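Quick notes on the structure that follows.
Please read these numbers as outputs of a predicted model, since none were measured by experiment.
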Amino acid sequence: MTQPLLRRAAHAAPGMVLLIAPAAWAQEAMYTEAATMPSKGTVVLREQLHFYRFGLNPINGDQRTDKVELSSLANIGLGSGWALSAEVPVQHETTEDSGGDREAHVGVDDIHLMLKWRVYKHDSGGIDTLRIALLGGADVTGGDNSRFASQSVNPFLGGVITIVRGRHGFNQDVIYQFNTGGQEESNLGGEGPADALRFNTAYLYRIYPDAYTQETTGAWYVTAEVNGLYETNGDIELRFAPGLMFEGRTFGFEVMGQLPMWHELRHRPELDFGVGVGVRFFF
């Protein structure tokens with residue numbers, strides 16, 4: 001290689017590193033984990049706003065529950081394939097009983113603490129990669145009333161695999177949570193006294209650009225998720241979540257919907273629909 005070519009490659013390398021790093025991190029949809037993580041010393045702040053509407057609650061007889069949730073998540077890269085995250089969800093719930101009377105409640109749900117350890121990584125060229133990570137942590141009560149906080153520590157263990165091939169991305173996670181608290185009458189999914197098994201599948205397709213270059217500053221994706229939840233009391237459901245996502249070098253944006261696919265529920269209300277919007281900042 002001639003000296004001019006070497007100099008051009010040296011100048012191009014930092015730009016490609018900055019490009020590929022967010023491109024790999026971008027393979028995380030809204031409701032499914034990914035085996036990608038921030039590099040050492042990098043912090044990702046993620047703010048999400050969700051609205052969910054649920055139908056009849058078979059435990060307390062409420063005809064409808066509307067939940068608005070604002071969650072703040074910090075994800076910190078620790079290096080050597082490790083990352084630590086903490087998420088604090090603030091919720092506003094409005095319930096309507098059989099007589100049409102409505103009540104509103106505001107509180108802080110359990111704080112979600114998670115440690116992610118990447119145990120396998122194979123980068124086959126460009127942004128193509130296969131990664132596997134183990135997940136562990138706990139949902140810890142925030143000290144609010146029992147309608148929102150479980151008044152307990154609920155540990156979980158799981159894993160996730162991420163595959164990126166060109167414009168296509170795929171994530172599959174499985175997480176088992178040991179619930180030591182919670183109440184059935186306020187359970188809207190995985191927050192009651194029964195243990196919970198979550199299994200989520202996400203597909204992402206990059207619609208723009210066709211290929212990354214030094215001039216690329218961001219990418220747009222369409223996403224599709226199937227979100228599954230089984231509780232050891234026998235309740236099980238599947239939800240479908242389509243979405244749109246943008247990832248830049250320092251900023252990201254996402255919008256999603258969530259719809260019921262199939263369910264067998266006897267101990268909690270079924271989801272009518274959900275919508276969510278989020279932003280991410282990379283430091």
Side-chain angles (χ1 to χ4, degrees), residues 29-33 48 50-60 62 65-71 73 85-93 95 105 107-116 135-142 144-160 171-202 225-241 256 258-274 276:
M30 184 172 278
Y31 304 110
T32 305
E33 295 290 342
Q48 294 182 332
H50 297 276
F51 174 82
Y52 301 98
R53 173 163 291 176
F54 297 88
L56 174 67
N57 190 326
I59 301 300
N60 60 22
D62 286 338
T65 301
D66 290 343
K67 181 172 79 169
V68 178
E69 179 181 271
L70 175 63
S71 65
L73 180 145
S85 64
E87 181 178 12
V88 180
V90 179
Q91 299 179 348
H92 179 280
E93 286 186 8
T95 58
H105 310 268
V108 179
D109 203 350
D110 287 354
I111 299 170
H112 186 75
L113 304 174
M114 185 175 73
L115 188 64
K116 183 187 296 187
L135 313 171
D139 285 353
V140 181
T141 182
D144 212 324
N145 65 72
S146 60
R147 183 178 188 88
F148 298 99
S150 65
Q151 316 300 319
S152 59
V153 175
N154 307 297
F156 61 84
L157 291 171
V160 57
N171 296 316
Q172 177 65 57
D173 72 32
V174 178
I175 302 172
Y176 190 91
Q177 181 164 307
F178 304 87
N179 285 328
T180 62
Q183 300 183 21
E184 276 197 336
E185 57 266 27
S186 59
N187 176 30
L188 296 176
E191 300 175 335
D195 289 352
L197 174 67
R198 293 178 171 85
F199 46 100
N200 301 294
T201 304
E225 298 179 68
V226 175
N227 308 123
L229 174 62
Y230 169 78
E231 295 172 285
T232 52
N233 59 14
D235 283 1
I236 184 170
E237 71 171 326
L238 296 176
R239 301 176 182 178
F240 173 65
M256 301 287 289
Q258 204 171 46
L259 300 169
M261 287 183 63
W262 175 84
H263 59 261
E264 290 287 345
L265 302 175
R266 295 177 299 164
H267 302 88
R268 58 181 173 87
E270 65 182 64
L271 175 75
D272 289 340
F273 68 91

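For the residue pair Asn171 and Glu225, no side-chain donor N or O sits within less than 3.5 Å of a side-chain acceptor on the partner. Residues Asn227 and Gln258 bring a donor and an acceptor atom of their side chains to less than 3.5 Å of each other. Side chains of Asp173 and Asn200: a donor on one and an acceptor on the other come within 3.5 Å. Inspection of the Gln177 and Asn154 side chains reveals no N or O donor paired with an N or O acceptor under 3.5 Å.
Applying the side chain to side chain donor-acceptor pair (under 3.5 Å) criterion to Gln183, with sequence neighbours excluded, gives Ser146. Residues forming a salt bridge (Lys or Arg N to Asp or Glu O under 4.0 Å) with Asp272 (at least two apart in sequence, or on another chain): none. The ring-ring contact (aromatic ring centres under 6.0 Å, His included) test applied to Tyr176 returns Phe178, not counting sequence neighbours. Not counting sequence neighbours, the partners of His50 by the ring-ring contact (aromatic ring centres under 6.0 Å, His included) test are Tyr31, Tyr52. The ring-ring contact (aromatic ring centres under 6.0 Å, His included) test applied to Phe148 returns no partner, not counting sequence neighbours.
Here the straight-line distance linking atom CD of Glu185 with atom OG1 of Thr95 works out to 12.0 Å at 0.5 Å rounding. Taking OG of Ser186 as the reference point, atom NE2 of His105 lies at 10.5 Å (rounded to 0.5 Å). In this structure, NE2 on His267 lies 5.0 Å from CD on Glu184, to the nearest 0.5 angstrom. In this structure, CG in Asn60 is found 8.5 Å from CG in Leu56, a value given to the nearest 0.5 Å. To the nearest 0.5 angstrom, His112 atom NE2 is 7.5 Å from Leu73 atom CG. Interatomic distance, NE2 of His92 versus NZ of Lys67, reported as 13.0 Å (0.5 Å rounding).
Salt bridge Glu264/Arg266: absent, no basic N to carboxylate O contact under 4.0 Å. A salt bridge is absent between Arg268 and Glu191; no separation between the charged side-chain nitrogens and carboxylate oxygens falls under 4.0 Å.
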Decide side chain to side chain contact (heavy atoms under 4.5 Å, CB included) for Arg239 and Leu271; before the verdict, give the C-alpha distance in whole Å, the side-chain angles of both, and the deciding distance to 0.1 Å. CA-CA 9 Å; Arg239 301 176 182 178; Leu271 175 75; 3.6 Å; yes

Mind running side chain to side chain contact (heavy atoms under 4.5 Å, CB included) on Leu135 and Leu157 for me, showing each step along the way? CA-CA 6 Å; Leu135 313 171; Leu157 291 171; over 6 Å; no

Determine, step by step, whether Arg53 and Thr65 satisfy the side chain to side chain contact (heavy atoms under 4.5 Å, CB included) criterion, reporting the C-alpha distance in whole Å, the side-chain angles of both residues, the deciding distance to 0.1 Å, and the verdict. CA-CA 6 Å; Arg53 173 163 291 176; Thr65 301; over 6 Å; no

Mind running side chain to side chain contact (heavy atoms under 4.5 Å, CB included) on Gln48 and Met30 for me, showing each step along the way? CA-CA 9 Å; Gln48 294 182 332; Met30 184 172 278; 3.4 Å; yes

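Sorted by first then second residue, the salt bridge (Lys or Arg N to Asp or Glu O under 4.0 Å) pairs that include residues 145-158, not counting sequence neighbours, are Glu93-Arg147.
Distance alone, capped at 3.5 Å, is enough to place a donor-acceptor pair between the Glu231 side chain and the Gly190 backbone. A donor-acceptor contact shorter than 3.5 Å is absent between the side chain of Asn179 and the backbone of Gly182. At distances below 3.5 Å, not a single donor-acceptor pair connects side-chain atoms of Thr232 with backbone N or O atoms of Ala194.
Between Phe273 and Phe51, the two ring planes are tilted [angle within 30° to 60°].
For the pair Arg198 and Phe156, the minimum side-chain heavy-atom distance is 4.5 Å or more. Asp139 is not listed as a side-chain neighbour of Ser150, based on a closest heavy-atom distance of 4.5 Å or more.
Heavy atoms only, all atoms of each residue included: Pro58 and Pro269 are closest at CD-N, 3.8 Å. The two residues Asn57 and Ile59 make their nearest non-hydrogen contact at OD1-N, 2.9 Å. The two atoms that bring Gln151 and Thr141 nearest to each other are N-OG1, 3.3 Å, heavy atoms only.
Checked against Phe199 for a side-chain contact (heavy atoms from CB on, under 4.5 Å), the options Leu238, Leu229, Ile175, Thr32 give a single hit: Leu238.
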